[in-house]
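Okay, so here's the structure we're looking at.
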Amino acid sequence: MGTKDDLDNMLGGARFEKYFTVAGEDVEKAVQLYRWNTRLAGACHAQLSYFEVLTRNAMNRSLQDWNHQECGHRDWSLEHQSADLLYEMLNRPMSQARKWASKESRRRRKGHVRKNAPLIHDDVVAQLTLGNWSTLLGEALPVHRPNAQLLWQNCLHTAFPNVDPGDRSRADLGKKFERLTHLRNRVSHQENLLETNVRSRLNDMLAVLNAINESYPSWAMVGSQVRQVAQEDPRKDWE
């Protein structure tokens, strides 16, 4: 697997070409860069998993309290249990998440205590994507911004008690969420991170987590490899 043709066949020519170009058309350096990028993506994926779970749960708690006040239901992701504002923003994603959750229920191993069990709220929430949560903050899709401003004012600011409850905080957090959603998508699709400022994205994560709870950033950073792997960028030795 030492020639450019070999690597194009194995990794895909379009994918490998970026590394080959950045490495000055040196195959050995391009492979080194590809392997480093893979390790960096893995480190980012681990960090993003913490970010997604912690933010999802914080936002869900606020939404449950608010939705109960609005329409009497805490399980806002289940059919016919969403307040109008939330339904308008997340109708299609919630419908898709329920379909995915139902599929997962059917796929559970035989003998599993919840195989083919009726959906519960947690099943559906687990199927919502980081992009769906980003939508609720209004900076991912401008069409949702007016509703997101209302949702922030009435509800979601309580998920982030360590920032000012004003709309500027919503916009700031929303922009961070959207940048992190973009990073997650690149990582999930094995796209290169060669032009991504990973340290800045890590700072985005920590800032959002701190807005929820001051202890979250340090908890999420235990065992983190992001900074170390980013520091090992092989391009530094080529200069």
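Because only heavy atoms are used, hydrogens play no part in the values below, and waters and symmetry mates are left out as well, while side chains stay in.
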| said: Using modelled atom types and a 3.5 Å cut-off, is there a donor and acceptor pairing between side-chain atoms of R199 and backbone atoms of R227? | reply: no
| Has the side chain of R145 got a donor or acceptor atom that lies under 3.5 Å from a matching backbone atom of G138? | yes
| Residues two or more places apart in sequence or in another chain: which of them pass side-chain hydrogen bond (donor to acceptor under 3.5 Å, both in side chains) with K175? | E139
| message | Any donor-acceptor pair under 3.5 Å linking the side-chain atoms of S215 with those of N213? | response | yes
| query | Is there a donor-acceptor pair closer than 3.5 Å between any side-chain N or O of S105 and the backbone N or O of K115? | reply | no
| field | Pairs flagged by ring pair (Phe, Tyr, Trp, His ring centres under 6.0 Å) wherever residues 203-229 is involved - sequence neighbours left out | value | Y50-W219
| message | Check E232 with R39, please: is the shortest side-chain N to carboxylate O separation under 4.0 Å? | response | yes
| Carboxylate-amine/guanidinium contact K18 E191, below 4.0 Å | no
| Looking at K4 and D8, does any basic side-chain N land under 4.0 Å from a carboxylate oxygen? | yes
| query | Between D65 and R61, is a salt bridge (charged side-chain N to carboxylate O under 4.0 Å, His left out) present by the stated rule, with each step listed? | reply | CA-CA 6 Å; D65 291 343; R61 286 192 295 271; over 6 Å; no
| side chain to side chain donor-acceptor pair (under 3.5 Å) evaluation trace for D26 with W238 | CA-CA 11 Å; D26 182 309; W238 301 347; over 6 Å; no
| task | Tell me, with the steps shown, if W133 and T55 meet side-chain contact (heavy atoms from CB on, under 4.5 Å). | result | CA-CA 9 Å; W133 298 104; T55 54; 5.9 Å; no
| query | Do T129 and N132 get their side chains close enough for a donor-acceptor pair, meaning under 3.5 Å? | reply | yes
| said: Can you confirm whether the side chains of H157 and D164 place a donor and an acceptor under 3.5 Å from each other? | reply: no
| Around atom CZ of R114, are there more than 12 heavy atoms of other residues, nucleotides or ligands at under 6.0 Å? | yes
| query | Do other residues, nucleotides or ligands put more than 12 heavy atoms under 6.0 Å from the NE2 atom of H112? | reply | yes
| Over 12 non-hydrogen atoms of neighbours within 6.0 angstrom of NE2 in H182 | no
| Are R170 and D167 close enough for a salt bridge, meaning some N to O gap below 4.0 Å? | yes
| said: Holding to side-chain hydrogen bond (donor to acceptor under 3.5 Å, both in side chains), I want the full list of residues that pass it with S224, two or more places apart in sequence or in another chain. | reply: Q47
| field | Closest non-hydrogen atom pair, F177 against L137 | value | CD1-CD1, 3.5 Å
| query | Can we say D172 and K176 salt-bridge, meaning some charged N sits less than 4.0 Å from an Asp/Glu carboxylate O? | reply | yes
| field | Other residues, nucleotides, ligands: >12 heavy atoms within 6.0 Å of K103 NZ | value | no
| said: If the test is salt bridge (charged side-chain N to carboxylate O under 4.0 Å, His left out), which one of R98, R106, R108, K99 qualifies with D123? | reply: R108
| field | For N210, all residues meeting side-chain hydrogen bond (donor to acceptor under 3.5 Å, both in side chains), sequence neighbours excluded | value | none
Could you go through residues 85-93 and list every donor-acceptor pair under 3.5 Å that involves a side-chain atom there, pairing it with any protein atom two or more places apart or in another chain?
{"unit_1": "Y87", "atom_1": "OH", "unit_2": "N91", "atom_2": "OD1", "d": "3.3"}
{"unit_1": "Y87", "atom_1": "OH", "unit_2": "N91", "atom_2": "ND2", "d": "3.2"}
{"unit_1": "E88", "atom_1": "OE2", "unit_2": "N147", "atom_2": "ND2", "d": "3.3"}

| said: I need the minimum non-hydrogen distance between V229 and W36, along with the two atoms involved. | reply: O-NE1, 2.7 Å
| query | Does a side chain donor of either H144 or T135 reach within less than 3.5 Å of an acceptor in the other side chain? | reply | no
| message | Tell me whether W152 contacts the main-chain N or O of G166 through its side chain, where contact means a donor paired with an acceptor under 3.5 Å. | response | yes
| task | Tell me yes or no: between the side chains of N37 and Y19, is some donor less than 3.5 Å from an acceptor? | result | yes
| message | Which residues pass the side-chain hydrogen bond (donor to acceptor under 3.5 Å, both in side chains) test with N162, not counting sequence neighbours? | response | none
